[in-house]
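Worksheet: one structure, shown below.
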Amino acid sequence: MKAVVQDAYGSPDALEVREIGRPAVADDDVLIRVRAASVHPDVWHVVSGRPYVLRLMGNGLTRPKNRIPGTDMAGQVESIGKGVTRFRPGDEVFGETVRGLQWRNGGAFAEYVSVPQSALALKPGNVTFEQAASVPTSGLIVLQNLPEGRVRAGQSVLVNGAAGGVGAIAVQLAKAYGASVTGVDHEAKLDMVRALGADRVIDYTREDFTRKAERYDLIFDVPGNHSFADCRRVLNPDGMYVLIGHDHFGGVGSRMLGSLPHFFRLMALSPFRKQLPKPSASTPGKQELMTVLQGHLAAGTITPIVDRTFALDEVPQAIRYLAGGTARGKVVVGIP
Ligand SMILES: NC(=O)c1ccc[n+]([C@@H]2O[C@H](COP(=O)([O-])OP(=O)(O)OC[C@H]3O[C@@H](n4cnc5c(N)ncnc54)[C@H](OP(=O)(O)O)[C@@H]3O)[C@@H](O)[C@H]2O)c1
C-alpha cells in the first residue's frame with residue numbers, strides 16, 4: 001500500500017510517500033481502506049517531535065515507533081479480526097486510530113490502517129468521508145470537556161479559538177445545548193463562526209474579551225492566551241473555565257514540556273477554585289463518545305467544515321497550511 005512515512009523527528013517536509021506492506025490486523029481490529037484522513041495540531045507535534053516530552057510518552061525516544069503519522073480517518077471496512085462484532089466488510093466508518101494519547105502516530109495517512117473496533121463508529125450517510133475524517137480528535141476533546149450537562153439552556157458560553165478544529169465543534173455543541181454563544185477568533189474567520197451559529201463574535205486582534213463588560217457561565221479556551229485570573233474576571237460566580245490548550249506549533253511553551261506546566265498548575269489549583277473542573281474518574285470511553293459524535297453528525301447538530309483537501313503526497317503541504325493559520329475549517333487528506 002501507499003503510506004506517508006516518517007523516519008525521524010523533524011520538518012514535515014521530510015515525510016515521503018512509500019510503498020509498504022499493509023498493517024497487521026489484531027483480533028479486535030478492523031482493517032480500513034482509508035478514503036480521507038485529517039490534520040490537526042497534534043500531528044504537527046508528533047512529526048516534529050516537540051515538545052520533547054512526547055517522545056517519552058510512548059511515541060518513540062529517538063524516532064517514531066509507528067512510522068506512519070495521522071490519527072483521524074474515515075473509510076470502508078476491508079476485513080475484520082476474529083473478535084470483531086460491531087462491523088462487517090463494506091461498512092463505512094470513521095474514528096481515531098490511536099489508543100490512548102493523541103501524541104503518537106496512528107497510521108492514518110495511508111491507504112489502509114488497522115484500528116481497534118472500540119475507536120470506530122459507522123459514518124452517517126449525510127456526511128462525506130472528508131467531513132467524517134475531520135471530526136474524531138477534535139470532537140472527542142470537545143465531548144470530554146463540554147459534556148451534556150456542563151452547560152444549560154439559556155447560559156452564556158464563550159469559545160476562544162472558535163474557528164479552529166476544536167472551537168468550531170464547541171460552538172455548534174454549545175448551541176445544541178441551548179446556550180448563547182460568543183465566538184472569539186481572527187477577523188478573517190468570523191463570518192464562518194457566525195455561520196456555525198455563534199450569537200456574537202469578537203475579533204481577537206482588536207479586542208480582549210477579558211477586558212469587556214460581558215460575563216459568561218463557561219469559557220471554553222482553546223488558545224489559552226489569557227491567564228486563569230484574567231478569564232475569571234469575566235466569569236459569573238458559578239461559571240467554569242475549561243482550558244484545551246494550544247502550543248501554536250511550537251510558538252509558545254517550552255521545548256521540553258510545551259504548555260503542560262500551565263495545565264498542571266490549573267489542576268493543582270482546581271480543588272481550591274470552584275470555577276475549574278475537578279479531575280473525574282468516570283469519564284466515558286472512546287466507543288461511547290464516538291457514538292455520541294455519530295449521533296450529532298447524523299442529526300446535523302455538528303456540521304464539519306472542510307477548508308481544503310490535499311492528496312496523500314501533499315501531506316507536508318497540508319501540515320504547513322494548517323500551521324500557517326489561514327485555514328477556515330479542517331484540513332483534510334483525500335485518498336481516492
Ligand atoms: N486538552 C486536551 O485534552 C487536548 C487534547 C488533544 C489536543 N489538544 C490541543 O487542542 C488544540 C486543538 O486546536 P484546534 O485543532 O482547534 O487548532 P486550530 O485548528 O489551529 O485552531 C485554533 C484557532 O484558535 C485561533 N487563535 C489563535 N490565537 C488566538 C487568540 N489569541 N485568540 C483567539 N483565537 C486564537 C486560531 O486562529 P489563528 O489562525 O489566527 O491563529 C485558530 O482559528 C491543539 O493545540 C491540541 O494540541 C488538547
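Both counts, for ligands and for their atoms, begin at 1 and track the order of listing. Residues take their numbers from the sequence shown, with the count starting at 1. Computed from a predicted structure; not experimentally measured.
His246 NE2, 3.1 Å is the protein heavy atom nearest to atom 17 (O) of ligand 1. When only non-hydrogen protein atoms are considered, atom 19 (O) of ligand 1 lies nearest to Gly165 N, 3.1 Å. Counting only heavy atoms of the protein, atom 15 (O) of ligand 1 lies nearest to Pro41 CD, 3.3 Å. Among protein heavy atoms, atom 26 (N) of ligand 1 sits closest to Tyr204 CE2, 3.9 Å. Scanning the protein for heavy atoms near atom 31 (N) of ligand 1, the closest one is Asn225 ND2, 2.9 Å. Protein heavy atom at the shortest distance from atom 4 (C) of ligand 1 is Ile141 CD1, 3.9 Å. Of the protein's non-hydrogen atoms, the one nearest atom 9 (C) of ligand 1 is Gly245 O, 3.2 Å.
Assignment of His40 to the shell around ligand 1 is not supported, since no heavy atom sits closer than 4.0 Å. Distances shorter than 4.0 angstrom do not occur between any heavy atom of Ser138 and any atom of ligand 1.
Contact check on Asp13 versus Arg320 returns a salt bridge, with a Lys/Arg side-chain nitrogen under 4.0 Å from an Asp/Glu carboxylate oxygen.
Partners of Tyr9 according to the side-chain hydrogen bond (donor to acceptor under 3.5 Å, both in side chains) rule, which considers only residues two or more places apart in sequence or in another chain, are Asn59.
At a cut-off of 3.5 Å, with distance as the only test, a side-chain donor of Tyr321 or Asp307 sits close to an acceptor on the other residue. If you check the side chains of Glu96 and Thr71, you find no donor sitting under 3.5 Å from an acceptor. Looking at Arg35 and Thr128, their side chains never bring a donor and an acceptor atom within 3.5 Å of each other.
Each of the atoms 27 (C), 28 (N) of ligand 1 lies under 4.0 Å from some heavy atom of His248. Close approach of ligand 1 to Ile244 is summarised as follows: ligand atoms under 4.0 Å from at least one heavy atom of the residue are 1 (N), 2 (C), 10 (O), 48 (C).
Every pair passing side-chain hydrogen bond (donor to acceptor under 3.5 Å, both in side chains) that includes a residue from residues 237-252 is listed here, sequence neighbours excluded: Asp221-Tyr241, Asp238-Lys274, Asp247-Ser259.
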